[in-house]
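Below, read A as the first sequence line, B as the second, and so on, with proteins coming before strands; counting in each chain starts at 1.
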Number of protein chains: 2
Amino acid sequence: MTSIERPASPRHTRQRAEIRQAVEEQEGFATAQEIHDRMRHDGSGVGLATVYRTLQGLAATGEVDAIRTPDGQVAYRTCSPGHHHHLICRSCGRTVEVSIPSLEAQVRALAAEQGFAEVEHALEFYGTCTECARA
Amino acid sequence: MTSIERPASPRHTRQRAEIRQAVEEQEGFATAQEIHDRMRHDGSGVGLATVYRTLQGLAATGEVDAIRTPDGQVAYRTCSPGHHHHLICRSCGRTVEVSIPSLEAQVRALAAEQGFAEVEHALEFYGTCTECARA
DNA sequence: TTGAAGATGAGAATGATTCCCATGAAGATT
DNA sequence: AATCTTCATGGGAATCATTCTCATCTTCAA
Ligand SMILES: [Mn+2]
Ligand SMILES: [Mn+2]
Ligand SMILES: [Zn+2]
Ligand SMILES: [Zn+2]
């Protein structure tokens, strides 16, 4: 039998480095297009498709977090390691990482109770931060 | 000053009735396109745009629940009233409604703690149900 | 240095959702 | 019931984020 293809470790390229840096510099979440725009504005010539591909890759390995915004777009951000969720300001994008240990426990309990396996969950909070509240 | 436009109560039309019924009959969540397909298959001549518009309206009034699937599409379902979340089977679509009182409390606490206002959250669980597990 | 496996970029293609607008119905008013 | 105003409908075009294609570079192991 042939062995199952294992994803080779990604190659180190200038583009990948630039993209990684762009995501690290930014505050809050940004979409592939927004990141690409900023890179372009800063003189980079990286292609949009490459930004999409690379961000997906980084998200797959957990190097960056990906969420789906309420309007359906995917947004990325460099986050602290480990499982956590986000409290995001709808108007300015300010993001606070939050972890809810008791929730994680209940999720496992509920899943087991219902006989569900391999349960994943995505939880994001959207609100208005103090700053934006007075405006 | 002019009064702010208030959304007039929607008119009762054959299409709206058909769509409402289609959503009620279905099990689990379905996208506008899936619902439209099924209606078409059952002899209805309702237009796709109308299905999209109507489902959005029903979701806005809370008459149906709308969620965004992991792959980005919007799916609808008739649910029991009140705030709750869903445990959804990735392969067969079977859906279980769950409510997590302690989570709701912590959300309010976290929001207040961080000074965020008008915080909303969406939480859905995706897993494999017992049935689909043995297959 | 070479070559094979990958990565890139430009533009085309996709696909869900929204828009547009001419036409058809709902419902309030005579 | 006839009329009128307003909203709803539908079908096809338009959007727009994301993915795909593929010819052309790069990386990196040998
Ligand atoms: Mn985070
Ligand atoms: Mn429900
Ligand atoms: Zn803010
Ligand atoms: Zn199942």
Aromatic ring pairing H85(B)/H121(B), orientation class (parallel under 30°, perpendicular over 60°, tilted between): tilted

N/O (side chain, Q15(A)) to phosphate O (OP1/OP2, dG9(C)) under 4.0 Å: yes

Side-chain ion pair, E18(B) and R14(B), N-O less than 4.0 Å: yes

Of R53(B) and R53(A), the one whose closest DNA chain C nucleotide lies more 5': R53(A)

Rounded distance in Å - CG (D71(A)) to P (dA16(C)): 18 Å

Taking only N/O atoms, report every protein-nucleotides 27-30 of chain D pair under 3.5 Å with atom names and distance.
{"from": "dT27(D)", "atom 1": "O2", "to": "R11(A)", "atom 2": "NH1", "distance (Å)": "3.1"}
{"from": "dT27(D)", "atom 1": "O2", "to": "R11(A)", "atom 2": "NH2", "distance (Å)": "3.4"}
{"from": "dC28(D)", "atom 1": "OP1", "to": "H12(A)", "atom 2": "N", "distance (Å)": "3.1"}

Spatial distance of atom CD (E63(A)) from atom SG (C79(A)) [nearest 0.5 Å]: 12.0 Å

Within-4.5 Å side-chain heavy-atom neighbours: V107(A) and I100(B): no

Carboxylate-amine/guanidinium proximity below 4.0 Å for E120(A) and R90(B): yes

Short N-O contact, R77(B) and E27(B), less than 4.0 angstrom: no

Rounded distance in Å - CG (L55(B)) to P (dA16(C)): 15 Å

Reported CZ-to-OG1 distance for the pair F116(A) and T130(B), which is rounded to 0.5 angstrom: 7.0 Å

Kindly give the atom pairs (protein nitrogen or oxygen, nucleotide nitrogen or oxygen) under 3.5 Å for nucleotides 14-18 of chain D.
{"from": "dA17(D)", "atom 1": "OP2", "to": "Q33(A)", "atom 2": "NE2", "distance (Å)": "3.3"}
{"from": "dA17(D)", "atom 1": "O5'", "to": "Q33(A)", "atom 2": "NE2", "distance (Å)": "3.2"}
{"from": "dT18(D)", "atom 1": "OP1", "to": "V74(A)", "atom 2": "N", "distance (Å)": "2.9"}
{"from": "dT18(D)", "atom 1": "OP2", "to": "Y52(A)", "atom 2": "OH", "distance (Å)": "2.8"}

V98(A)-I67(A) co-clustered via ILVMFWY side chain contacts under 4.5 Å: no

